[in-house]
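As the structure is a prediction and not an experimental result, all values here were calculated from the model.
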Amino acid sequence: MKLAGMASNRGRNLMNIADRAPGGAEFAVVLTNDADAPVLEAAAERGIPTEVVERDADESRESHEERVLDALSEYDFNLVTLDGYMRVLSETFLDGTPTALNVHPSLLPNFTGANAHEQVLEAGVKVTGCTVHVLDESVDGGPIVTQEPIPVFEDDDEDSLKERVLYEGEFTAYPRVIEWFAEDRVTIDWDEGTVSVEGDDGGDFPARRIVSDDLASNLRYGENPHQDAALYTDTTVSEASVVHADQLNEGSKALSYNNYNDADGALNLIKEFEEPAAAVIKHTNPAGCASADTVADAYEKALSTDPMSAFGGIVALNRECDAATAEQIIDSFKEVVVAPGYTDAALDVLFEKDNLRVLDVNENFEVTDSLTEKPLVGGRLVQERDTQHLSADDLEVVTEREPTDEQIESLLFAWHTLKHVKSNGILFAKGTETVGIGMGQVSRVDAVRLAAMKADEHAEGKDAEGAVMASDAFFPFPDGIEEAADAGIEAVIQPGGSKNDESVIEAADEHNMAMVFTGQRSFRHD
C-alpha cells in the first residue's frame with residue numbers, strides 16, 4: 001500500500017503512520033499547501049519525498065486542486081491520507097485520486113469544523129474522540145470507517161483535550177484504518193453511505209474491539225509497594241465476582257491488588273464443583289481443594305493438603321459459610337474469605353479477626369463472562385475461558401489396568417482442580433480432595449517430584465500412597481511416570497498426544513498403573 005499524505009501543518013498523524021507502517025503501508029509522497037509547514041522537515045527526516053503547492057491569492061479552488069493533482073501524478077499511490085489539510089476538497093480533486101481518508105478530532109457527526117475541541121468543552125459532553133472517514137465534498141462528511149472514544153475530564157482545557165484525542169485516539173484509529181485498507185478488508189457503499197470491514201462480525205474476536213470499564217477504586221499498591229494500582233469494574237457481568245462482592249466487615253482494610261487476584265482465582269476454582277467445595281489459594285495457586293458432604297468437611301480436607309502454605313491464603317467456598325466452617329477458617333491466619341452468603345453465627349466468628357476480609361458474592365456460579373484477557377505492553381491477549389468439564393465418557397483408558405469407579409471420580413476431581421494450577425502442573429488426589437500439588441515448574445518431572453514431596457511432607461493425615469495423579473499436559477518421557485510410581489500413584493489422567501505415548505503407557509503397565517487420556521490439555525500460564 002502506497003500513500004499520498006496531505007497536511008497543512010505538523011502532520012503528526014502522517015508521521016505516526018510513517019513510523020508504524022501499518023499493514024506495510026509506506027508514503028510515496030507528502031504534500032502541503034504551506035511552504036512553512038513543519039511536516040516538510042519531518043517527512044524529509046524520514047526520507048519521504050515532499051511537494052509544496054500553495055494556493056495563489058486570486059486562484060480558484062479548482063485551479064489549485066488541478067495543480068495538486070499534477071504534483072501528485074508524479075508518484076504511484078493507492079490511498080490519500082489527509083491530516084489537518086485546511087481546505088475543503090471538491091469533485092475536481094476527488095475524481096482525480098484514489099480513495100481519500102481524513103481524521104477529525106470529534107465523534108462525527110457531532111462537532112464538525114475547525115474548532116471541534118472548543119465546541120466539545122462548551123457543550124459539556126463527557127465523551128469525545130476522533131473519527132476516520134472517507135472524504136467527500138462536504139465538510140467533515142463522508143462514510144465513517146472507525147471512531148475512537150476519549151473521555152472528557154472536568155479540568156480539561158482545549159490544549160489538554162487536543163493532546164489526549166491526538167495521542168490516545170487518532171494515533172490508534174488512523175493506523176488501524178490504514179492497515180485495513182492495506183489488507184483489502186474495507187468495502188465502501190457510497191449509495192448507503194456506509195463502510196464495512198471484513199472481520200467486524202467475528203463473534204467474540206471482531207476486527208474492532210472496544211472495551212470500556214469504570215474505575216471502582218484506587219488500591220493501596222500493586223503487586224509490590226512501589227507499584228501504583230487501581231481496580232476497574234465491568235457492570236455487565238452477572239456471575240459471582242470478587243470485583244462486585246460486598247465486603248461485609250467494613251472496618252477492615254480494603255483488598256489489595258494481590259488479594260483481588262488470589263480471590264478471583266479461588267472463586268473460579270470452586271465454581272467447578274456442584275457438591276459443597278472449598279479451596280485455599282496462595283499466589284493464585286491452590287494450596288488445597290476438596291469437595292465433601294458439607295462445606296466444613298470440604299474446608300478441613302482442603303486445608304490439610306498443605307496447611308503451612310495455606311498460611312496467609314485466600315479461602316473460597318461454594319456454599320453459605322456456617323459457624324463450623326468459620327471456626328476452622330480463623331484457626332490460622334487467612335487474608336480473605338469468599339462465599340455466597342454467611343450465617344449470622346459465622347459472621348460473629350469471622351469478625352473476631354480484624355484483618356480478615358469477608359466477601360459476599362452472589363449465587364450465580366454459571367459462566368456468563370466468556371472471555372479472559374491479559375494485558376501486554378502494547379496490546380492484550382484475549383481468549384475464551386477454559387470451561388471444559390469432562391465426564392467419565394470423555395476418558396480413554398490406554399493401559400492394561402482399568403481404573404475403578406472410585407478412581408474415575410478422583411481422576412475427574414483432580415483434572416478439574418488442576419485447571420487452576422499454574423503450568424507445568426501435577427496434582428495428586430484421593431477421593432475428592434487434594435493430597436499434593438506441584439505447580440509452576442519448567443520440568444514436568446520436577447512437578448511430579450514437588451507434588452510427591454508436598455503429599456509426604458506437608459499434608460496432614462494423608463499421603464500419596466494409593467492416590468491418583470493428574471497432569472495438565474502430556475508426559476514427553478516415561479520419567480514422570482517412574483517418579484509417580486515411586487510416590488505410590490495408582491492411576492493417572494493426562495491429555496496424551498506425545499510422540500512417546502507408547503513408552504509412557506508401557507511404563508504405566510510395568511507399574512500396574514491405570515492411565516486415561518483426555519485428548520485435551522489444561523495449561524494455565526497466568
request  = Output yes when a side-chain donor or acceptor of D394 lies under 3.5 Å from a complementary backbone atom of S391, and no otherwise.
outcome  = yes

Show me the donor-acceptor pairs, under 3.5 Å and distance only, between side chains in residues 121-128 and residues at least two apart or in other chains.
none

key: Side chains of D136 and S138, donor plus acceptor under 3.5 Å   = yes

ask   = Is any side-chain heavy atom of L72 less than 4.5 Å from a side-chain heavy atom of V29?
value = yes

Test salt bridge (Lys or Arg N to Asp or Glu O under 4.0 Å) applied to K419 - qualifying residues, sequence neighbours left out = E272

note = Which of V152, I150, N115, N110 passes side-chain contact (heavy atoms from CB on, under 4.5 Å) with V120? Answer is V152

request  = Indicate yes or no: at least one non-hydrogen side-chain atom of R61 is less than 4.5 angstrom from one of R55.
outcome  = yes

note = When rounded to the nearest 0.5 Å, the distance separating CD of E26 from NZ of K2 is 4.0 Å

inquiry  = Is there a side-chain contact between V195 and H133 in this structure, where contact means two heavy atoms from C-beta onward sitting under 4.5 Å apart?
reply    = no

query = Will you find, in the side chains of E65 and S90, an N or O donor that is under 3.5 Å from an N or O acceptor?
reply = yes

query = What are the two closest heavy atoms between L418 and L427, and how far apart are they?
reply = CD1-CB, 4.0 Å

request  = Give, for atom NE2 of H64 and atom CZ of F93, the distance between the pair rounded to the nearest 0.5 Å.
outcome  = 10.5 Å

key: For F111, ring pair (Phe, Tyr, Trp, His ring centres under 6.0 Å) partners two or more places apart   = none

inquiry  = Quick check on E91: does its CD atom have over 12 non-hydrogen neighbours (other residues, nucleotides or ligands) under 6.0 Å away?
reply    = no

key: Point-to-point distance, once rounded to the nearest 0.5 Å, from CG of L14 to CZ of F27   = 4.5 Å

Where I188 and P143 come nearest, the two heavy atoms and their spacing = CG2-CG, 4.3 Å

task = Give a yes or no on whether the backbone of L219 and the side-chain of S217 come within a donor-acceptor separation of less than 3.5 Å.
result = no

ask   = Run the side chain to side chain contact (heavy atoms under 4.5 Å, CB included) check on E335 and D262 step by step: do they pass?
value = CA-CA 10 Å; E335 291 271 9; D262 288 343; over 6 Å; no

remark   = Interatomic distance, CG@L3 vs OG1@T81, rounded to 0.5 Å, equals 5.0 Å

ask   = Within the side chain of H104, is there an N or O that forms a donor-acceptor pair under 3.5 Å with the backbone of G141?
value = no

query = Does CZ in F365 sit with more than 12 non-hydrogen atoms of other residues, nucleotides or ligands closer than 6.0 Å?
reply = yes

message = What I'd like to find out is whether the side chain of N78 reaches to under 4.5 Å of the side chain of F181, using heavy atoms alone.
response = no

request  = Look only at the side chain of R385 and the backbone of D369, and say whether a donor-acceptor pair between them is shorter than 3.5 Å.
outcome  = yes

inquiry  = For a 4.5 angstrom cut-off between non-hydrogen side-chain atoms, does E239 reach K271?
reply    = yes

key: Spacing of CG belonging to N261 relative to OG1 belonging to T284, to within rounding of 0.5 Å   = 6.0 Å

Separation between CG of D189 and OG1 of T194, rounded to the nearest 0.5 Å = 4.5 Å

query = Does a donor on one side chain and an acceptor on the other come within less than 3.5 Å for Y75 and E51?
reply = yes

inquiry  = Counting only heavy atoms not in E158 (residues, nucleotides, ligands), do more than 12 fall under 6.0 Å from its CD?
reply    = yes

message = Would you say that more than 12 heavy atoms from the other residues, nucleotides or ligands in this model lie under 6.0 Å from the CZ of R521, or not?
response = no

ask   = Is the shortest side-chain N to carboxylate O distance from R444 to D479 below 4.0 Å?
value = no

request  = Step through the shown structure and confirm whether more than 12 heavy atoms of other residues, nucleotides or ligands are within 6.0 Å of CD on Q227.
outcome  = yes

ask   = Does the pair D70/R67 count as a salt bridge with the N-to-O cut at 4.0 Å?
value = no

ask   = With distance as the sole test, does N218 use its side chain to make a donor-acceptor pair with the main-chain N or O of A230 at under 3.5 Å?
value = no

inquiry  = Would the distance check show the side chain of R524 and the main-chain N or O of D526 forming a donor-acceptor pair, the cut-off being under 3.5 Å?
reply    = yes

query = Between P109 and T112, what is the shortest heavy-atom contact and its length?
reply = O-CG2, 3.7 Å

ask   = More than 12 foreign heavy atoms under 6.0 Å from NE2 of H244: is that the case here?
value = yes

key: Minimal non-hydrogen separation, S471 against W415, with atom names   = O-CZ3, 3.2 Å

task = Could you check if a side-chain atom of L269 sits within less than 4.5 angstrom of a side-chain atom of C289, using non-hydrogen atoms only?
result = yes

request  = Please answer whether the main-chain N or O of A37 pairs with a side-chain N or O of T32 as donor and acceptor at a distance below 3.5 Å.
outcome  = no

key: Ionic contact status for D83 with R10, cut-off 4.0 Å   = no

key: Side-chain H-bond candidate by donor/acceptor type, S8 with D34, under 3.5 Å   = no

request  = Report the C-alpha separation of V134 and L101 in whole Å, then their side-chain angles, then the decisive distance to 0.1 Å, and conclude whether the side chain to side chain contact (heavy atoms under 4.5 Å, CB included) test is met.
outcome  = CA-CA 5 Å; V134 183; L101 301 174; 4.0 Å; yes

ask   = Any donor-acceptor pair under 3.5 Å linking the side chain of S160 with the backbone of D157?
value = yes

task = Check whether any side-chain heavy atom of V338 sits under 4.5 Å from a side-chain heavy atom of I270, and report yes or no.
result = no

request  = Only counting residues at least two apart or in another chain, list the ones meeting ring pair (Phe, Tyr, Trp, His ring centres under 6.0 Å) with H525.
outcome  = F523

Non-hydrogen side-chain atoms of Y85 and N102 separated by less than 4.5 Å = no

task = Could you list the residues that satisfy salt bridge (Lys or Arg N to Asp or Glu O under 4.0 Å) with R164, not counting sequence neighbours?
result = D156

task = Without swapping roles, check the side chain of Q247 against the backbone of K253 for a donor-acceptor pair under 3.5 Å.
result = yes

ask   = Do other residues, nucleotides or ligands put more than 12 heavy atoms under 6.0 Å from Q388 CD?
value = yes

inquiry  = Ignoring hydrogens, what is the shortest heavy-atom contact between A173 and E148? Give both atom names and the distance.
reply    = CB-CB, 4.2 Å

inquiry  = As a quick check of understanding, evaluate side chain to side chain contact (heavy atoms under 4.5 Å, CB included) for W180 and E198, giving each step before the final call.
reply    = CA-CA 9 Å; W180 290 340; E198 180 183 340; over 6 Å; no

task = Evaluate side chain to side chain contact (heavy atoms under 4.5 Å, CB included) for I281 paired with H420, printing each intermediate quantity in order.
result = CA-CA 10 Å; I281 294 287; H420 302 267; 6.0 Å; no

remark   = Shortest non-hydrogen pair, P175 vs N16, comes out as CG-ND2, 3.5 Å

inquiry  = Test your reading of the model: is there a side-chain donor-acceptor pair from D56 to the backbone of E59, 3.5 Å cut-off?
reply    = no

ask   = Do we see a donor-acceptor contact under 3.5 Å between the side chains of S256 and N259?
value = yes

key: Listed partners of F477 passing ring pair (Phe, Tyr, Trp, His ring centres under 6.0 Å), at least two apart   = none

